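Right, one structure below, let's go through it.
Start at 1 and go down the list; that is how both ligands and their atoms are numbered. Numbering starts at 1 and runs along the sequence shown. All values reported here derive from a predicted model rather than from experimental measurement. Every heavy atom of this structure was used, including side-chain atoms; hydrogens, water molecules and symmetry mates were not.
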Amino acid sequence: MNGYKASDHTAKAGVLVLAAGKGTRMYSSLPKVLHPLLDKPMIWYLLNTLNSIFAARTMVIGGHGFDQLKTALHEWNSLLIHQEQQLGTGHALQVAWPAVQEMDIDWLVVINGDTPLITDLHIQMLMEQVQKKDADIGFISLTLPEPGSYGRVLRGTDGEPEAVVEAKDFIASGRHFAEINEVNSGLYVFKTASVEKILFLLDADNQQKEYYITQLIALGLKKGLKVVAFNAGNCPELLGINTSGELLRQEEWVRARIVDRFIEQGVIIRARDSVRIGAEVEISPGAEITGPAEIFGKSTIASECKIKSHCFIEDSFIDKAQVFSFSHVVKSVIGKNVKIGPYARLRPGTTLHEGASAGNFVEIKNSTVGSGSKINHLSYIGDTQMGCSVNIGAGTITCNYDGRCKHKTIIEDRVFIGSNTALVAPVRVQRESMIGAGSTITRDVSPGSLSIARSRQKDMEGKNPLKTNKKE
Ligand code: UD1
Ligand code: CA
């Protein structure tokens with residue numbers, strides 16, 4: 001494939017993803033293609049691959065859970081087609097055909113939506129070979145030790161494919177006594193002008209009473225079309241997902257591949273088998289992660305950042321910081337030399353500037369914390385703008401919600417807040433002021449002042465009701 005240019009073979013080609021099926025064997029109301037692998041629905045992986053080859057010439061046929069699919073695909077530049085009744089994979093192609101014609105393409109690639117890890121190389125190799133051999137239909141086959149529910153590839157004495165027989169029909173025919181290990185992967189390419197002649201000749205005369213796309217192979221040969229099949233061996237990326245077990249097997253495949261890629265690039269990943277990193281995450285060489293850990297979404301982890309075990313990070317930027325065990329960081333920006341956790345929860349909209357810290361049992365939401373400021377124990381900071389070198393005592397709470405609206409708290413540079421303080425927002429604590437422990441602050445605090453808002457201590461000598469008066 002060296003020197004191969006994708007555009008050579010895909011210029012007048014489009015792609016159709018078959019995603020209308022119910023996914024009965026998943027036992028779930030969610031359309032099968034929306035079941036996640038790591039942090040993305042399985043169809044995301046496929047569309048990500050197809051987008052780079054076919055761009056707007058990408059069609060998806062949906063049916064079961066159509067509206068959910070529509071919502072999930074809104075950010076993709078693909079055409080969604082509705083197969084109202086799911087009468088089989090061949091029927092899906094028939095339903096999509098008017099859209100295919102409108103697209104004015106010479107070649108149509110068809111892929112089962114439940115085979116999400118297919119790579120662009122598989123698609124390009126198939127396109128290239130089919131065009132080189134001047135064939136009308138091409139597909140990729142696999143050789144599996146246990147062919148299970150896959151369609152079996154029957155070849156003639158000349159070694160050329162003759163038909164794909166679905167598992168149920170193969171077994172019903174009694175031919176399973178001579179098991180065939182070569183199966184159909186569900187990745188096809190069709191010359192549109194040729195397949196048009198046979199597409200509407202499909203019948204549902206089979207065990208499942210469905211219109212099979214695979215019947216096009218025998219039908220095409222009968223009508224004088226040229227059919228070629230390329231065997232990809234036991235290629236894990238081409239395996240389909242029909243059951244939860246198969247979903248977990250494919251997820252493990254993609255997980256291990258992502259983790260291994262980062263390790264190769266120089267990221268230290270300890271307990272690698274328990275680290276799950278999403279496909280869009282970026283991690284610089286020199287970062288250190290200890291599993292179990294989950295890092296998802298569009299997260300970026302800088303070099304020398306250390307993430308200890310049991311952390312969950314999503315859509316966050318983390319500079320050269322330390323995230324201690326059991327911390328949860330979502331949609332947050334973490335500066336250099338920041339310390340987080342153990343047991344911290346940073347919710348969306350949190351920014352911690354250089355050298356700041358959010359220690360154990362600290363929750364922060366929609367707040368900015370200036371450089372060097374410390375929130376080390378048992379606090380809730382919400383909708384707050386905090387300056388530099390602030391010290392927040394243990395148990396400090398910003399009371400940001402009055403039952404109707406959220407209000408802002410401003411804490412300026414070098415403020416010292418004593419333990420167990422309640423800051424009733426909206427409130428501003430101005431620079432270099434100090435608040436006595438146990439205060440409930442309801443008014444702004446002026447710069448440099450000491451503010452105490454708590455009831456005075458009374459000492460009543462000899463009044464302890466639990467202490468007896470009897471002489472000992
Ligand atoms: C299919 C192939 C089989 C192949 C296997 C590879 C057929 C008849 N069989 O079997 O030869 O070995 O894939 O993984 O094609 N779909 C629709 N509309 C429908 C029915 C299905 O869009 O009316 C979609 C499904 O959502 C799925 C794909 O087509 O993504 C394949 O259907 P599925 O029922 O999973 O076929 P398999 O039995 O796996
Ligand atoms: Ca399948």
Side-chain angles (χ1 to χ4, degrees), residues 15-26 28 30-35 41-43 45-47 59-66 68-69 72 80-97 99 109-118 122 137 139-144 146-154 161 163-171 180-188 190 199 202-219 229 231-232 234-247 249-250:
V15 63
L16 174 68
V17 177
L18 305 182
K22 192 157 184 233
T24 315
R25 287 168 279 175
M26 295 297 292
S28 162
L30 191 68
K32 181 163 62 174
V33 296
L34 296 186
H35 279 267
M42 62 169 99
I43 198 167
Y45 296 85
L46 199 47
L47 293 176
M59 293 165 275
V60 177
I61 190 152
H64 177 74
F66 186 77
Q68 282 167 285
L69 190 63
L80 183 59
I81 302 161
H82 197 178
Q83 184 192 15
E84 275 172 49
Q85 271 187 296
Q86 291 88 53
L87 304 181
T89 47
H91 177 251
L93 184 56
Q94 290 174 342
V95 171
W97 203 252
V109 172
V110 177
I111 305 180
N112 286 349
D114 61 2
T115 312
L117 303 181
I118 279 176
H122 290 115
I137 300 176
F139 66 98
I140 293 192
S141 66
L142 301 166
T143 299
L144 303 180
E146 288 183 29
S149 65
Y150 286 83
R152 311 298 198 267
V153 178
L154 306 191
V164 168
V165 179
E166 290 311 310
K168 284 185 181 152
D169 300 298
F170 184 72
I171 291 163
I180 290 175
N181 293 90
E182 188 181 12
V183 301
N184 167 30
S185 73
L187 168 59
Y188 320 82
F190 298 104
L199 181 59
L202 294 178
D203 61 50
D205 187 12
N206 52 54
Q207 289 290 318
Q208 300 189 89
K209 304 280 171 265
E210 283 185 4
Y211 296 90
Y212 293 157
I213 197 171
T214 45
Q215 197 195 353
L216 289 174
I217 288 149
L219 204 57
N231 192 300
N234 188 354
C235 176
E237 287 137 316
L238 289 169
L239 297 179
I241 296 175
N242 300 295
T243 63
S244 51
E246 288 169 355
L247 176 103
R249 179 199 61 202
Q250 293 309 84

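Contact check for H122 versus C235: side-chain heavy atoms found under the 4.5 Å cut-off. Counting heavy atoms from C-beta outward, L46 and V17 have side chains that approach closer than 4.5 Å. Side-chain contact between V60 and L47 is present, with heavy atoms from C-beta onward closer than 4.5 Å. Between T214 and T89 there is no side-chain heavy-atom pair separated by less than 4.5 Å. For the pair L16 and I111, the minimum side-chain heavy-atom distance is 4.5 Å or more. In this structure, F139 and I217 have side chains that are in contact, with non-hydrogen atoms separated by less than 4.5 Å. Using a 4.5 Å heavy-atom cutoff, the side chains of M42 and I241 are in contact.
Every atom of ligand 1 is numbered from 1 in the order shown, and the set under 4.0 Å from a heavy atom of T214 is 8 (C), 11 (O). For ligand 1 and G151, the ligand atoms under 4.0 Å from any heavy atom of the residue are 3 (C), 4 (C), 11 (O), 12 (O). Short contacts between ligand 1 and G88, defined as distances under 4.0 Å to a heavy atom of the residue, involve ligand atoms 18 (N), 19 (C), 20 (C), 23 (O). Atoms of ligand 1 found under 4.0 Å from any heavy atom of G113 (numbered from 1 in listed order, with element): 30 (O). Ligand 1 places these atoms under 4.0 Å from at least one heavy atom of S185: 6 (C), 14 (O). Within ligand 1, the atoms closer than 4.0 Å to a non-hydrogen atom of I213 are 15 (O), numbered from 1 in the order shown. Ligand-side atoms of ligand 1 in range of L87: 23 (O), range being under 4.0 angstrom from any heavy atom. Atoms of ligand 1 lying under 4.0 Å from any heavy atom of Y150, numbered from 1 in the order shown and given with element: 6 (C), 12 (O), 14 (O).
Within the 4.0 Å heavy-atom shell around ligand 1 one does not find V183. In this structure, Q83 has a heavy atom closer than 4.0 Å to ligand 1.
Taking atom 39 (O) of ligand 1 as the reference point, the nearest protein heavy-atom neighbour is N242 OD1, 3.5 Å. Atom 16 (N) of ligand 1 has its closest protein heavy atom at G21 N, 3.7 Å. What sits closest to atom 21 (C) of ligand 1 on the protein, heavy atoms only, is T89 CG2, 3.7 Å. N184 O, 2.6 Å is the protein heavy atom nearest to atom 12 (O) of ligand 1. Closest to atom 22 (O) of ligand 1, if we only count protein heavy atoms, is A20 N, 2.9 Å. Residue, atom and distance of the protein heavy atom nearest to atom 33 (P) of ligand 1 are D114 OD2, 4.3 Å. Summary of contacts: the protein heavy atom closest to atom 1 (C) of ligand 1 is N112 ND2, 3.6 Å. For atom 30 (O) of ligand 1, the nearest non-hydrogen atom of the protein is L18 O, 2.8 Å.
Of all the heavy atoms of H64, none lies under 4.0 Å from any atom of ligand 1, so neither backbone nor side chain is involved. Neither the backbone nor the side chain of H91 has any atom closer than 4.0 Å to an atom of ligand 1 (non-hydrogen atoms only).
Across D169, L216, V183, N184, a single residue satisfies side chain to side chain contact (heavy atoms under 4.5 Å, CB included) together with V164, and that is N184.
Of all heavy-atom pairs spanning N242 and R25, the tightest one is O-CB, 3.1 Å. Smallest separation of non-hydrogen atoms from I81 and A96: CD1-CB, 3.9 Å. The two residues A20 and Q83 come nearest to each other via the heavy atoms CB-OE1, 3.0 Å. Of all the heavy atoms in N231 and T143, the pair that sits closest is ND2-OG1, 2.9 Å.
There is no side-chain donor-acceptor pair under 3.5 Å between Q86 and H91.
To the nearest 10 degrees, the Ca ion (ligand 2) sees OD2 of D114 and OD1 of N242 at an angle of 90°.
Rounded to the nearest 0.5 angstrom, H64 NE2 and L34 CG are separated by 9.5 Å.
The presence of a protein heavy atom under 4.0 Å from atom 36 (O) of ligand 1 is ruled out.
Among K168, Q86, E166, the residue whose heavy atom sits closest to atom 10 (O) of ligand 1 is E166.
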